[in-house]
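The figures here come from the full heavy-atom set of this structure, side chains too, leaving out hydrogens, waters and symmetry mates.
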Amino acid sequence: MKTLFPVLVLIISLYIGVLLSVLADLISGVRKARQKGESRTSAALRRTIDKLVRYYNALFAMTVIDAMQIAAVVYLRFVESVTLLPVIPLFTLIGAVGEALIELKSIYEKAEQKEQKEYRDAVETIKKLLEHNSFESLKQIIKS
């Protein structure tokens, strides 16, 4: 049991780390919007909450896998006296680090790059509409 307490502390700190990285990205996004003179909308905040929920869903699934492998390692230690395998939440650790790196990339992504991506997406949508001769759809988009 004494080996499981540090594992629990590590898992909790990984979850907190993911939360802090998403909050850092949120603060960065608000700062970028403020610099550009854009309004901060509840839709953007909803996207952040949705992203956090998706991150935690994935992280929880990884933690369940880790719980199963840790239970197997603890079983091998106490029943079979096999001490070669470490008790570490490896999947949760890799997942949390990956999610934090995604947020770090988002923080350092320039606002101009995000605008360029939006323009490229808009151009691609217009191209698709023109390819399918959807002039009526295009007129409706332009009017709105």
Peer 1: Tell me every residue that passes salt bridge (Lys or Arg N to Asp or Glu O under 4.0 Å) with E103, counting only those two or more places apart in sequence or in another chain.
Peer 2: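 Residues passing salt bridge (Lys or Arg N to Asp or Glu O under 4.0 Å) with E103: K51.
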Peer 1: How close do A100 and S21 get, heavy atom to heavy atom, and via which atoms?
Peer 2: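 Nearest pair, atom of A100 first, then S21: CA-OG, 3.8 Å.
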Peer 1: Taking only distance into account, with no hydrogens and no angle test, what donor-acceptor pairs under 3.5 Å do side-chain atoms of residues 74-81 form with protein atoms, sequence neighbours excluded?
Peer 2:
from	atom 1	to	atom 2	distance (Å)
R77	NH2	L85	O	3.0

Peer 1: Run the salt bridge (Lys or Arg N to Asp or Glu O under 4.0 Å) test against R54 and tell me which residues pass, sequence neighbours left out.
Peer 2: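 Per chain and number, R54 pairs via salt bridge (Lys or Arg N to Asp or Glu O under 4.0 Å) with D50.
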Peer 1: With sequence neighbours excluded, give me every ring-ring contact (aromatic ring centres under 6.0 Å, His included) pair touching residues 19-47.
Peer 2: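 Listed once each, the pairs would be none.
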Peer 1: Distance check, rounded to the nearest 0.5 Å: S106 atom OG versus L26 atom CG?
Peer 2: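 Answer for the OG-CG pair, S106 versus L26, is 10.5 Å.
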Peer 1: Decide whether I49 and I107 are clustered together by the hydrophobic rule: side chain heavy atoms of Ile, Leu, Val, Met, Phe, Trp, Tyr closer than 4.5 Å, transitively.
Peer 2: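 Each belongs to a different hydrophobic cluster.
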Peer 1: Nearest 0.5 Å, what's the CG-OG1 distance between D25 and T48?
Peer 2: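 Between D25 CG and T48 OG1, I get 6.5 Å after rounding to 0.5 Å.
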Peer 1: Taking all non-hydrogen atoms of both residues into account, name the closest pair between E99 and A58 and its distance.
Peer 2: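 Scanning both residues completely, I find the closest heavy atoms to be OE2-CB, 3.9 Å.
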Peer 1: Do V64 and Y56 share a hydrophobic cluster (ILVMFWY, side-chain heavy atoms under 4.5 Å, transitive)?
Peer 2: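 Yes.
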Peer 1: Under the side-chain contact (heavy atoms from CB on, under 4.5 Å) rule, what do Y55 and L19 come out as? Steps first, then yes or no, please.
Peer 2: CA-CA 9 Å; Y55 280 177; L19 175 66; over 6 Å; no
Peer 1: Is L23 reachable from L52 through a run of I, L, V, M, F, W or Y residues, each pair having side-chain heavy atoms under 4.5 Å apart?
Peer 2: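 Shared cluster, yes.
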Peer 1: If you look only at pairs with a residue in residues 19-42, which of them pass as a ring-ring contact (aromatic ring centres under 6.0 Å, His included), with sequence neighbours excluded?
Peer 2: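 Listed by first then second residue: nothing to list.
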Peer 1: Which residues pass the side chain to side chain contact (heavy atoms under 4.5 Å, CB included) test with A61, not counting sequence neighbours?
Peer 2: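 Testing A61 for side chain to side chain contact (heavy atoms under 4.5 Å, CB included), a comparison that skips the adjacent residues, returns none.
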Peer 1: Please output the side-chain donor-acceptor pairs of residues 66-73 that fall under 3.5 Å, not counting sequence neighbours, one pair per line with the distance.
Peer 2:
from	atom 1	to	atom 2	distance (Å)
D66	OD1	L90	N	3.3
D66	OD1	F91	N	3.0
D66	OD2	F91	N	3.2
D66	OD2	T92	N	2.6
D66	OD2	T92	OG1	2.6
Q69	NE2	I88	O	2.7

Peer 1: Under 3.5 Å, which donor-acceptor pairs link side chains of residues 8-15 to any protein atom two or more places apart or in another chain?
Peer 2:
from	atom 1	to	atom 2	distance (Å)
S13	OG	V9	O	3.3
S13	OG	L10	O	2.7
Y15	OH	L59	O	3.4
Y15	OH	F60	N	3.4
Y15	OH	T63	OG1	2.8

Peer 1: Establish whether I16 and I27 are linked, either directly or via other cluster members, by ILVMFWY side-chain heavy-atom contacts under 4.5 Å.
Peer 2: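 In one cluster with I16: I27, no.
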